[in-house]
Amino acid sequence: MANIKSQIKRIKTNEKAQLRNKSARSAIKTAIRRFRDALAAGDQKVIADELRLASKSLDVAVTKGVIHANAAANKKSAMAKQANKAVVR
């Protein structure tokens, strides 16, 4: 355990941020999983809705600093490609 007062405070704030980030990453994973389930089902309206929701959750995570902007862009691009491929079929 740290002896310095500011470091003790820093440890506490880091733990809070870690919990908040864990929750946000879990929400992102859930949104992406729901999108993949919609792809498997094949309903185009549901696919579009889940893509929109997953993209929104990724954007929120970027603004909160949970994930890097390029990581979110890569995930959104991959999901859009899958959605377009599903619509073509």
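In this structure, the side chains of Ile4 and Arg10 stay at 4.5 Å or more apart for every pair of heavy atoms. Residues Gln82 and Ile47 have side chains not in contact (no heavy-atom distance under 4.5 Å, counting atoms from C-beta outward).
Every residue two or more places apart in sequence or in another chain was checked for a salt bridge (Lys or Arg N to Asp or Glu O under 4.0 Å) with Lys75, and none qualifies. A search for side-chain contact (heavy atoms from CB on, under 4.5 Å) contacts involving Asp49 returns Lys45, Arg52, not counting sequence neighbours. Residues passing the salt bridge (Lys or Arg N to Asp or Glu O under 4.0 Å) test with Asp37: none are found, sequence neighbours excluded. Applying the side-chain contact (heavy atoms from CB on, under 4.5 Å) rule to Ala40 yields no partners; only residues at least two apart in sequence or on another chain are considered.
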- Stepwise, does the side chain to side chain contact (heavy atoms under 4.5 Å, CB included) test hold for Leu39 with Lys85? CA-CA 10 Å; Leu39 275 178; Lys85 192 183 290 186; over 6 Å; no
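Sorted by first and then second residue, the side-chain hydrogen bond (donor to acceptor under 3.5 Å, both in side chains) pairs with a member in residues 15-28 form an empty list; sequence neighbours excluded.
Residues Ala38 and Val46 share a closest heavy-atom pair of CB-CG1, 3.7 Å. Residues Ala54 and Ala31 come closest through the heavy atom pair CA-CB, 3.8 Å.
Atom CG of Leu51 is separated from atom CD1 of Ile32 by 10.5 Å, given to the nearest 0.5 angstrom. Distance OG/Ser55 to CZ/Phe35: 8.0 Å, rounded to 0.5 Å.
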Going by atom type alone, with no hydrogens or angles, which donor-acceptor pairs under 3.5 Å involve a side-chain atom of residues 63-71 and a protein atom two or more places apart or on another chain?
{"residue": "Thr63", "atom": "OG1", "partner": "Val60", "partner atom": "O", "Å": "2.7"}
{"residue": "His68", "atom": "ND1", "partner": "Asn70", "partner atom": "N", "Å": "3.0"}

